[in-house]
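First up is the structure itself, then whatever we jot down about it.
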There are 4 protein chains.
Amino acid sequence: MPPAVTKRARRKAERPSEILDAAFEEFVLHGYAATRLEDVATRAGVTKGTIYFYFDTKERVFEEMVRHKSQSFLPGLKDYALTLRGSATERLRGLIAFTYGHIAENRESREILRFLIAEGGRFPDLVDRHYEEFVAPIIDQFREVIDQGVAAGEFRNAPAAGFTEIVMSPAVLLSLWSLLFGTRKEVDFVAFTEASVDLLLRGLAKD
Amino acid sequence: MPPAVTKRARRKAERPSEILDAAFEEFVLHGYAATRLEDVATRAGVTKGTIYFYFDTKERVFEEMVRHKSQSFLPGLKDYALTLRGSATERLRGLIAFTYGHIAENRESREILRFLIAEGGRFPDLVDRHYEEFVAPIIDQFREVIDQGVAAGEFRNAPAAGFTEIVMSPAVLLSLWSLLFGTRKEVDFVAFTEASVDLLLRGLAKD
Amino acid sequence: MPPAVTKRARRKAERPSEILDAAFEEFVLHGYAATRLEDVATRAGVTKGTIYFYFDTKERVFEEMVRHKSQSFLPGLKDYALTLRGSATERLRGLIAFTYGHIAENRESREILRFLIAEGGRFPDLVDRHYEEFVAPIIDQFREVIDQGVAAGEFRNAPAAGFTEIVMSPAVLLSLWSLLFGTRKEVDFVAFTEASVDLLLRGLAKD
Amino acid sequence: MPPAVTKRARRKAERPSEILDAAFEEFVLHGYAATRLEDVATRAGVTKGTIYFYFDTKERVFEEMVRHKSQSFLPGLKDYALTLRGSATERLRGLIAFTYGHIAENRESREILRFLIAEGGRFPDLVDRHYEEFVAPIIDQFREVIDQGVAAGEFRNAPAAGFTEIVMSPAVLLSLWSLLFGTRKEVDFVAFTEASVDLLLRGLAKD
DNA sequence: GATGAATGAGAATTCATTCAT
DNA sequence: TATGAATGAATTCTCATTCAT
């Protein structure tokens, strides 16, 4: 018989992630340097000492938090990509819709971007790891579809095919826009995405 | 005889801008919170007290620094726009080349963007002012050319014409790329710009 | 077995009052503004940080210190008043002796007066609270005895009966004298009190 | 012909006293330590440097200010005393009325008292000088009249005759009251003085 | 495991004082 | 005489980190 997982034990197992969730909120609110671990602890419902039981330093808390919050996108993308059917154009359109939705509208994703930009100088490893685990796979996914489209004669062999990042740039812009202006300057996300897709597909199209 | 500008007076007049230049470098190096005004002072060749003679608080130093460093682009853009000749396509190409060069390659411009992303929550007025004085005029400049191209029948009336920001998004991506990876992942700026221009102009072109 | 009060716990419970005692001495020595919390800490045998663990600001330390040091007189007065016997004259004499002894000779009481005079502008609430908790009850105590004396026909209904504060004024003068001249100009406290009592009682006496 | 005193020269001669007047107001407002010489300068319509031209240090400014503001009472008292006529009782009553009016109601006199209490520890010479020049002469004036009253058989040889300060104590109390409570607890000055005089004269009277 | 009292290095800010002009 | 830019010592307050319980 497996040992009963008591509530206490369960909570214990969840502590680190509760702390990281709380840390995320506080770091979002105040930035890395201005965040007090004391506030993180309070928000997580523990005390300062407990944080130090799980994490060595404030830097470590920050790093782990970024990792913790970065893990949600990738699996979803891969699964989604497998469901794509139809022409390269249709598949690219699907990919864009999915990715834009995540990059531009997902709050956590957006704030992680802010952290990386703001504190990247202090945490270069974090940035590089993020690139490997998050950015590169997305780019690869796009590149694959585009290459297939070129091979299939749907897309012209545009120079942009060698800079797949360009395809993601409107989403990044949207994300930045949101980081900068919050709710002060709202953008019509759907219309913006539509316009971007239209421009990109026309730009890639043969003829 | 013109009144002799004494060495002391000359230095005095330059002090604030010397301090702001030093502040820029320190803020780039360490970020807002981790920058010590003492280091700014040392870099500027003065003492802490002198900074406080010219600026009330560290926040003020930061704000003034951002303003100080933001003033270089606009006049150049307007002047350049006046020299543009040829078709809307040619003019748009020129505008993109000029703007991308500034946004993506100019170090100060790029670091200002980092400051706004990182500290925008603390300085929303700064962000909004930056939008008014810096972002909006650029967008307007692009919109004007695109509208003319549409009116002249060179460009189709793409939905992207209503979201001129999209045209700038590859430049913003480049800028961010540089902020994130510094010299660790270099991008061929010229080729990237070429690819973007190609994609955009094809995307906008009639037919 | 009673729960052992550990050394640590005991010390912890006493910390705030140890800090306030130390603060009192330092504030007496240098005044509010010129007192360094660092010195208070050293005197209390702790470090700066500890003070801030218990008190938010220097102002708070000052306020709490005044409260802490103001609490000793009142209970004694009430108890003492209950032991008074004899004619109103005798009881008034007893009250005066007791009160003068406290106001004029008690060092803490005297220095609190100095603090209130010196820093009252910055801490009006402190002054008002002191009045309610300290001054008013004393005045009431005197008023009661005087009124009884008037009712009993021992005292004439002098206008001073309506300004009981007058009865305390020699004690306040003594207190001030001590604050101003310290040991440089000693006053014979007993003789002074005797003279005051003599003057007051003669002034109040019927006929 | 005497040299015309130009406005500039006249102003120059008045500078130190203008500075001391301004210093008085600032010291009243903030206390010694919290007063900024910069604010004194602004109030006096000069700059910081000018203050240092006339006074060596902030301490000197404070000391000179106290002297400057202490000089107004004495001559008036002596002149007034010379006009007193009638019985010792009448003369004492007159003296009390005059002195109380000054001590208790004169703002400058009252604030000087506050300065001496608050900063006496730092400026003992100032306190002693104030005693010699201000307090002692007043006491002497009272003692003279009281002694004359005793000699003339109007007053009994009360022990209080040896502590003339007692006679001034109600005035000091009033002054302190005002320092502590400002306008928050007003006292009927005339009635209070009447009650004090009544009590004192009855206390001193023969029979 | 968890707590929270205690530490102490560190940073922003203030302001009396100086001195070149 | 007067100015005001510049200095730098001093002080409050913060907070990551430690560790006895």
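Naming: A, B, ... by sequence-line order, numbering from 1 per chain. Side-chain atoms are counted along with the backbone in the values below, which use heavy atoms only and exclude waters and symmetry mates.
- In this structure, C/F53 and C/V46 have side chains that are not in contact, with every pair of non-hydrogen atoms separated by 4.5 Å or more.
- Look at CD on A/E18: it is 10 Å from P on E/dA2, rounded to the nearest Å.
- By the 4.5 Å heavy-atom criterion applied to side chains, A/L126 and A/R67 are counted as neighbours.
- In this structure, C/R107 pairs ionically with C/E25, as a charged nitrogen and a carboxylate oxygen lie closer than 4.0 Å.
- Across all non-hydrogen atoms, the minimal contact from C/I112 to C/S70 is CG2-OG, 4.0 Å.
- The shortest heavy-atom contact between D/V61 and D/I51 is CG2-CG2, 3.9 Å.
- Taking the six-membered ring where the residue is Trp, B/F27 and B/Y32 present parallel rings, their angle staying beneath 30° rather than reaching 60°.
- Look at C/T50 and you'll find a side-chain N or O under 4.0 angstrom from OP1 or OP2 of E/dT7.
- Protein atom CZ of B/F55 is 16 Å distant from nucleotide atom C1' of E/dA12, rounded to whole Å.
- Between C/F115 and C/F123, the ring center distance fails the sub-6.0 Å criterion.
- Nucleotide F/dA5 holds its C1' atom 11 Å from the CD1 atom of B/I19, rounded to whole Å.
- Comparing C/T47 and A/F53 along DNA chain E, the residue whose closest nucleotide (by nearest heavy atom) sits nearer the 5' end is A/F53.
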Hey, what are the protein-to-nucleotides 14-16 of chain F N/O distances that come in under 3.5 Å?
from   : atom 1 : to    : atom 2 : distance (Å)
F/dC15 : OP2    : A/R36 : NH1    : 2.7
F/dA16 : OP1    : A/T35 : O      : 3.0
F/dA16 : OP1    : A/K58 : NZ     : 3.1
F/dA16 : OP2    : A/L37 : N      : 3.0

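- Considering only side-chain atoms of C/Y54, the nucleotide from F/dT7, E/dA6, F/dT1 that sits closest is E/dA6.
- The NE2-P distance, from D/H30 to E/dT14, rounds to 14 Å in whole Å.
- One axis for each end of the helix from E/dA2-F/dT21 to E/dT21-F/dA2, each built from five base pairs, and the angle between them comes to 0° at 10° resolution.
- Rounded to whole angstrom, the span from the CD1 atom of C/I51 across to the P atom of E/dA5 amounts to 16 Å.
- Using a 4.0 Å cut-off, no side-chain N or O of A/R15 falls inside it from OP1 or OP2 of E/dG1.
- Of the possible polar contacts, none joining the D/R110 side chain to the D/L179 backbone as a donor-acceptor pair under 3.5 Å is found.
- Judged by distance alone, the side chain of B/K69 and the main-chain N or O of B/L20 form no donor-acceptor pair under 3.5 Å.
- Between D/E26 atom CD and E/dA16 atom P the separation is 11 Å, expressed in whole Å.
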